[in-house]
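Heads up: the structure comes next, in structure tokens.
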Amino acid sequence: MVRSPLHLRLRESTAAAHEHLENLVGELTDLAAYKRYLSGIYAFRQPIEVAWADSGWPPRFGGWRPTMIASAMDRDLADLGLARPRPEQPHLDTDFAARLGTLYVLEGSSLGAKLLLRNVRMLGLAEDFGARHLSLQANADTWRSYLRLLEQDDEADPDAVIAAANETFAVAARAFTD
Ligand code: HEM
């Protein structure tokens, strides 16, 4: 894959944050670990997705929409008999550049989801039980179209996009530690 300069910068500037998050999540080798992961990812993403659904999409996104997984996570929690976490709304900027940065984290996580889905199949989880959200992400095709959006946009301030991506990784890390 040929990476655009902004994608490369995003990747490099968030590599440490990604590694930190991976360490927090750890290996999903038993159901207890997966349950912690599911509660953490729900606490991180659900408020962001709800806020976006409420506020609508800036016209600059055209008809493009990200892969939303809130309802699939809801059903996964129910499958496993887990209560819904009650996270607070994170304070993330909402302008176009910031949204591109937050989207980098949400959309990019679909790459890791493919790997996680393979691992948790061994725990008896699948697209119709417990791992619905991972399956949605693993089969989504919005990562590539997100990267095209990123490439085409020459108006968003790259530093603002990168700052928002790191801020979003920090929100995720808090969700996994709380
Ligand atoms: C144990 C948990 C995780 C594992 C094992 C993992 C693994 C991976 C892998 C294998 C990739 C693909 C790298 C490549 O193709 O070069 C990736 C990419 C990515 N992951 Fe994760 N990931 C995990 C958790 C997360 C979480 C929770 C998030 C966000 C909340 C996240 C965000 C991203 C992003 C943004 C990318 C895209 C990097 C790029 O620009 O290519 N990951 N991850």
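In listed order, ligands and their atoms are each counted from 1. Start at 1 with the first residue, then count along the sequence. Computed from a prediction, not measured in an experiment: that's the story for all the values here.
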May I ask you to identify, for Tyr104, whether its side chain, its backbone, both or neither come under 4.0 Å of ligand 1 on a heavy-atom basis? both
Assess Tyr37 for proximity to ligand 1: is some non-hydrogen atom of it under 4.0 Å away? no
Closest non-hydrogen protein atom to atom 14 (C) of ligand 1, residue and atom name please, with distance? Arg11 NH2, 3.4 Å
Any idea how Trp64 and Trp57 line up, ring-wise: parallel (<30°), tilted (30 to 60°), or perpendicular (>60°)? perpendicular
Do any N/O atoms on Trp143 end up under 3.5 angstrom from N/O atoms on ligand 1? no
Trace of the side-chain contact (heavy atoms from CB on, under 4.5 Å) decision for Arg132 with Asp79: CA-CA 10 Å; Arg132 300 168 198 267; Asp79 287 342; 2.9 Å; yes
Salt bridge Glu127-Arg121, side-chain N to carboxylate O under 4.0 Å: yes
Considering only non-hydrogen protein atoms, determine which one is nearest to atom 1 (C) of ligand 1 and report residue, atom name and distance to 0.1 Å. Val25 CG1, 3.6 Å
For residues 24-39, the side-chain hydrogen bond (donor to acceptor under 3.5 Å, both in side chains) pairs (sequence neighbours left out) are none
Residues in side-chain contact (heavy atoms from CB on, under 4.5 Å) contact with Ser110, at least two apart in sequence or another chain: Gln137, Trp143
Set of salt bridge (Lys or Arg N to Asp or Glu O under 4.0 Å) partners for Glu12, sequence neighbours left out: none
Excluding waters, which protein N, O or S atoms are within less than 2.8 Å of atom 21 (Fe) of ligand 1? His18 NE2
Where is the nearest protein heavy atom to atom 30 (C) of ligand 1: which residue, which atom, and how far? Phe44 CE2, 3.5 Å
For the residue pair Asp157 and Phe96, establish whether any side-chain heavy-atom pair is separated by less than 4.5 Å. no
Derivation and outcome, side-chain contact (heavy atoms from CB on, under 4.5 Å), residues Glu151 and His7: CA-CA 8 Å; Glu151 218 171 291; His7 180 198; over 6 Å; no
Under-4.0 Å salt bridge between Arg99 and Asp93: no
Within the 4.0 Å heavy-atom cut-off, what Glu27 brings close to ligand 1 is neither
Are Arg65 and Trp52 in a cation-pi contact, defined as NZ or CZ under 6.0 Å from the six-membered ring centre and within 45° of the axis? no
Using a 4.0 Å heavy-atom cut-off, say whether Leu115 meets ligand 1 through its side chain, its backbone, both or neither. side chain
In ligand 1, the atoms that come under 4.0 Å of a heavy atom of His7 are 39 (C), 40 (O), 41 (O)
